[in-house]
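Some notes on the structure that comes next.
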Amino acid sequence: MRRSILHIDMDAFYAAVEQRDNPSLRGRPVIVGSPPDRRGVVATCSYEARRFGVRSAMPSREAFRLCPTAVFIKPDMQRYQEASVRIFKVLECFSPLVEPISIDEAFLDVSGVLRLFGNPENIASLLRRQIRAELDLPASVGIAHNKFLAKLASEKAKPDGVFKMPEQREQLIDLLGRMGVGELWGVGKVSRRILEQAGFLKVSDLQRSDRSRLVKLVGERFAAHLINLSFGEDSREVELPVAEKSISKETTFDEDVDNRQFLNAALCDLCDEVGSRLRAQGLMAHVCRIKIRWSDFNTITRQQHFLSEICDDFSIRELALELFSREKLRSSVRLIGVGVTELVRDQDEQMLLFQEENQELKKREKVSRTVDAIRDKLGDNAIMRGSRLSPGD
Ligand code: DCP
Ligand code: MG
């Protein structure tokens, strides 16, 4: 049985919240992000500003050059977060299977509620109407039988619309075929360049490709991934959010410690434990946090995002040690701890496979998993990892 999947994504989310709360901004180009006279980037902008070529992640200075009449607004995350919580409450009225993807985006599997609410088009329109009524914000919804296609559909639905992917196979293949390879899930800048240089410009080039040639170019797994996507196939399921909010481990010393080398080593051990729990649960983490309790019981925490989601020990060590190195040892340390938060399921691994920056990460993950396996078999002390930060060191 085919599933019915909706992908919902709010339109120009931060900017829409600003326009809602300040009517004088409606209908005008609004840019949320750094001010134009500072270094920093655009978080998002209203569709009025997009007409001038302004985009997310563009330097604010450049945005100002493209659209000098725009109103620049500093982000107010708390208000966006509040709106997000209310949006997810609405989504949960329609299906128990809601997978949050970001602050303004989610997948819904509505296969089980069709009898209750009608067909997916009907659910999409009810849902958009309810978000409008309760939050006064525009949302777009894509409908399809899998996640990949539903996400493409919501892009086509924007702004403030609904789009359903064609059900007929020929029509679907034709629609996909006209897309650029860079629009496929998991194709980043690097893989796009490699594909294009080899003559794979459009998705139709992948559909028609000789499989072995593609395998030679990008490897077995990524080739399979690309071919599946080029025919609109994607077997990922809508998954509920990860229940566990964080994984952490701390240690209190028998006597307070002021030797940084000793503390670094203790921190590394904790990182490895956190890493192996993360992997054992099939999770990836976005944020690393350390905790230090000084001898006077004062306690601080410091945290930072990883460059991308990770689940290997080396990345945790690297960031934890860096966070720790920024702290002066004002007094001796009573307790030290490390944790990871903003956890997600380790399900997007193919997506990372082929991007250069991720090859090192993959290597780190492989080494970490090998160590897990050996420790499982032979006990925790079977391998000492020492203080290496990278498998190649
Ligand atoms: N965001 C950000 N930096 C980015 C991209 C996005 O801070 N590089 C923030 C601002 C967006 C929000 O996340 O409002 C949601 O991201 P989307 O990619 O969904 O973008 P928008 O909702 O703003 O616009 P769209 O209508 O294209 O979805
Ligand atoms: Mg959005």
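Ligands are counted one by one from 1 in listed order, and the atoms in each one are counted from 1 as well. Atom set for the values below is all heavy atoms of this structure, side chains included, hydrogens, waters and symmetry mates excluded. Treat the numbers as computed from the prediction; the structure is a model and nothing was measured.
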TODO: Can you pull out the closest protein heavy atom to atom 2 (C) of ligand 1? Residue, atom name and distance to 0.1 Å, please.
DONE: A43 O, 3.4 Å

Open item on the list: What protein heavy atom lies closest to atom 14 (O) of ligand 1? Include the residue and the distance to one decimal.
Closed with: Y14 N, 3.0 Å

Open item on the list: Heavy atoms only: which of V41, T44, D104 lies closest to atom 22 (O) of ligand 1?
Closed with: D104

Task: Option set P159, S56, S102, criterion heavy-atom distance to atom 8 (N) of ligand 1, minimum - done: S56

[X], [atom1] atom: more than 12 neighbouring heavy atoms under 6.0 Å:
| X | atom1 | value |
| --- | --- | --- |
| R260 | CZ | yes |
| L114 | CG | yes |
| R326 | CZ | yes |

Examine [X] and [Y] and state if one hydrophobic cluster contains both, with Ile, Leu, Val, Met, Phe, Trp and Tyr joined whenever side-chain heavy atoms are less than 4.5 Å apart.
| X | Y | result |
| --- | --- | --- |
| M284 | V287 | no |
| V41 | F64 | no |
| L149 | V110 | no |

- [ ] Please calculate the OD2(D104)-the Mg ion (ligand 2)-O(M10) angle and round it to 10 degrees.
- [x]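 Approximately 90° at the metal, rounded to tens of degrees.
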
Task: Under-4.0 Å protein heavy-atom contact, atom 18 (O) of ligand 1 - done: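 No; the ligand atom in question lacks any protein heavy-atom contact below 4.0 Å.
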
- [ ] Check whether any N, O or S atom of S140, backbone or side chain, sits closer than 2.8 Å to the Mg ion (ligand 2).
- [x]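 No.
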
Open item on the list: With a cut-off of 2.8 Å, does D9 put an N/O/S atom close enough to the Mg ion (ligand 2)?
Closed with: yes

- [ ] State, yes or no, whether a side-chain contact exists between S295 and V333 at a heavy-atom distance under 4.5 Å.
- [x] no

Open item on the list: Just so I know, are the side chains of I5 and H145 near enough to count as touching, which here means a heavy-atom distance under 4.5 Å?
Closed with: no

Task: Per-atom contacts of ligand 1 with F13, taking only distances under 4.0 Å to non-hydrogen atoms - done: 14 (O), 21 (P), 22 (O), 23 (O)

Per-residue contact class, [X] against ligand 1 - non-hydrogen pairs under 4.0 Å:
| X | answer |
| --- | --- |
| M10 | backbone |
| R50 | side chain |
| Y47 | side chain |

Open item on the list: Looking at ligand 1, is there an atom of it that comes within less than 4.0 Å of some heavy atom belonging to E105?
Closed with: no

TODO: State whether the shortest distance between N or O atoms of A12 and N or O atoms of ligand 1 falls below 3.5 angstrom.
DONE: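 Yes: some nitrogen or oxygen of A12 is under 3.5 Å from one in ligand 1.
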
Open item on the list: If I compare all heavy atoms of R192 with all of G182, which pair ends up nearest, and what's the gap?
Closed with: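 Closest pair (atom of R192, atom of G182, distance): CD-CA, 3.7 Å.
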
